[in-house]
S.K.: 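Below is a structure I'd like to ask you about.
Quick caveat: nothing in here was measured; it's all calculated off a predicted structure. Quick note on labels: first sequence line is chain A, next is B, and so on, each numbered from 1.
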Amino acid sequence: MPEILEIELYRRSIEPVVGRTIAEVHAPDPWFLKGGVVAAQLNDALVGAEVSALRRRGKLLLMDFVGDGPVLGLRFGMTGRPFLDDGGPLLELEYSSRRAHADWDRFALQFSDGGSLRINDPRRLGGVELDPDEDALGPDAFELTLARLRTVFHGAAPVKAVLLDQHRIAGLGNMLADEVLYRAGVDPARPARSLDDSSVKAIHRAIRRVLPELLERGGSHAGRLAVGLRVPGARCPKDGAELLRRTIGGRTTYSCPAHQR
DNA sequence: CTCGACTCCTGTTAGC
DNA sequence: TGCTAACAGGAGTCGA
């Protein structure tokens, strides 16, 4: 599923839209439009606008326009993929179809140079928003400092739930959160405020290492606690203990009872 | 404010 | 073979 790494790869791959001008907006699926915006408003706001930058904050992709144009927010949910200029898919996603039926195109921008940007999303968990509230998101996980991380672990919620809370840290999804805690040696179920400073430091170190490493290896599925191990009965590659499968923070969670404490 | 429970979406897959 | 039910997780809402 797209987490921060996949969104960053998406951002890089569709950066060629910078400098292009939007000629048409296709928004055939009202469900896909978020924040109460309707197709006609998107049309008014975007047609004729020239893309000036493509940014990312957490899992939110942001398209800026020249002048005082709007900001277009793109979310890919669990199964969304961008297609630029009729090129092939950038990535295959876990838990999603490898196909890309035209029926699943939920949103598209047609550019004046003839190219296009489509969002294909089988399960419709992504969405498009005009002028999204960027500050509702915490700091981007790539920019996360130790000082900032120390401030988020204050509540009674499980540490994993905190890592998944996009208001506190933006970008980590289910697989990355498991991977980070696996490497940090921290039990995902531990109440956040019970962490001592060495555990917080270990989590910070794991985040700083995991993101660049897995970005280079192609995405969040490439971790040590990876897809092949996220099955019942799998054993920890580190010490051979049978991995625990639990639901924490409402998400399927794998962890090692031997070295995650 | 915090946090867990619940809801939404639908293609894929396991199991009968 | 054909069907059903469970499953996946990002994000928003609601109530205690």
Side-chain angles (χ1 to χ4, degrees), chain A residues 1-8 10 27-37 56-62 73-82 89 91-107 119-130 132-138 140-141 151-181 188-195 219-221 223 225-234 245-255:
Chain A
M1 70 249 39
E3 301 186 30
I4 187 170
L5 304 178
E6 285 73 20
I7 307 303
E8 176 59 20
Y10 289 172
D29 184 354
W31 163 262
F32 211 69
L33 306 182
K34 307 299 180 183
V37 73
R56 182 190 56 71
R57 179 154 173 176
K59 303 174 207 171
L60 177 64
L61 196 62
L62 296 152
L74 305 174
R75 294 181 192 277
F76 294 88
M78 183 178 168
T79 56
R81 289 186 296 175
L91 298 168
E92 301 296 348
L93 297 175
E94 299 301 325
Y95 308 123
S96 183
S97 173
R98 257 159 263 278
R99 297 189 299 273
H101 292 304
D103 288 356
W104 301 339
D105 282 347
R106 311 300 180 186
F107 183 77
I119 297 180
N120 189 270
D121 184 0
R123 297 187 208 175
R124 301 168 83 208
L125 285 163
V128 171
E129 192 174 357
L130 212 50
D133 181 6
E134 298 176 38
D135 292 326
L137 294 170
D140 186 83
T151 69
V152 308
F153 291 130
H154 49 76
V159 56
K160 174 167 176 180
V162 171
L163 293 180
L164 289 175
D165 182 351
Q166 302 298 300
H167 301 100
R168 303 206 229 188
I169 303 169
L172 300 182
N174 195 42
M175 297 189 67
L176 283 177
D178 276 3
E179 178 76 14
V180 162
L181 294 170
R190 269 182 66 177
R193 65 163 157 248
S194 76
L195 296 174
S220 48
H221 59 280
L225 188 61
V227 171
L229 294 173
R230 302 179 70 83
V231 291
R245 180 189 193 273
R246 290 173 288 179
T247 298
I248 300 173
R251 294 292 163 255
T252 303
T253 301
Y254 286 91
S255 65

S.K.: Please check if atom NE2 in A/H167 has more than 12 non-hydrogen atoms from other residues, nucleotides or ligands closer than 6.0 Å.
M.R.: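 Atom NE2 in A/H167 is not crowded, with 12 or fewer foreign heavy atoms closer than 6.0 Å.
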
S.K.: By the 4.0 Å heavy-atom rule, please label A/K34 as base, sugar-phosphate, or nothing.
M.R.: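 The answer is nothing, as A/K34 stays clear of every strand by at least 4.0 Å.
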
S.K.: Classify A/A156 by what it touches in the nucleic acid, base, sugar-phosphate, or nothing, heavy-atom distance under 4.0 Å.
M.R.: sugar-phosphate

S.K.: Just compare C/dA11, B/dG11, B/dC8 and give me whichever is closest to any side-chain atom of A/L125.
M.R.: B/dC8

S.K.: Could you give the CZ-to-C1' distance, from A/R124 to B/dC8, as a whole number of Å?
M.R.: 10 Å

S.K.: What contact category does A/R106 fall into here, base, sugar-phosphate, or nothing, at under 4.0 angstrom with non-hydrogen atoms?
M.R.: nothing

S.K.: Rounded to the Å, how far apart are A/L74 CG and C/dA11 C1'?
M.R.: 16 Å

S.K.: Round to a whole Å and report the spacing from CZ of A/R168 to P of B/dC1.
M.R.: 12 Å

S.K.: If you assign A/R245 and A/E129 each to the DNA chain C nucleotide with the nearest heavy atom, which residue ends up on the more 5' nucleotide?
M.R.: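 Of the two residues, A/R245 wins.
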
S.K.: Calculate the interatomic distance between A/M78 atom CE and C/dA8 atom C1'; express it in whole Å.
M.R.: 4 Å

S.K.: Counting N and O atoms only, with roles assigned by atom type, does the side chain of A/E3 sit under 3.5 Å from a partner on the main chain of A/L176, one being a donor and the other an acceptor?
M.R.: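 Side chain of A/E3 to backbone of A/L176: a pair is present.
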
S.K.: With a 4.5 Å limit on heavy-atom distance, are the side chains of A/L181 and A/L225 in contact?
M.R.: no

S.K.: To the side chain of A/W31, which of C/dG12, B/dC9, B/dC3 is closest?
M.R.: B/dC9

S.K.: Considering every strand and a 4.0 Å limit on heavy-atom distances, what is the contact class for A/P191: base, sugar-phosphate, or nothing?
M.R.: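 No contact.
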
S.K.: At 4.0 Å (heavy atoms only), tell me whether A/H167 reaches a base, stays on the sugar-phosphate, or touches nothing.
M.R.: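 Result for A/H167 = nothing.
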
S.K.: Any idea which of C/dA11, C/dG9, B/dC3 is nearest the A/A157 side chain?
M.R.: B/dC3

S.K.: Does the C/dG9 base have a donor-acceptor partner in the side chain of A/R123 within less than 3.5 Å?
M.R.: no

S.K.: 5'-most contact on DNA chain B: A/V162 or A/R251, nearest heavy atom basis?
M.R.: A/V162

S.K.: Report the distance from atom NE2 of A/H101 to atom P of B/dG11, rounded to the nearest whole Å.
M.R.: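 The answer, rounded to whole Å, is 8 Å.
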
S.K.: Check A/D103, A/D105, A/D29 against A/R124 for a salt bridge (Lys or Arg N to Asp or Glu O under 4.0 Å) and give me the one that passes.
M.R.: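 Answer after filtering A/D103, A/D105, A/D29: A/D29.
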
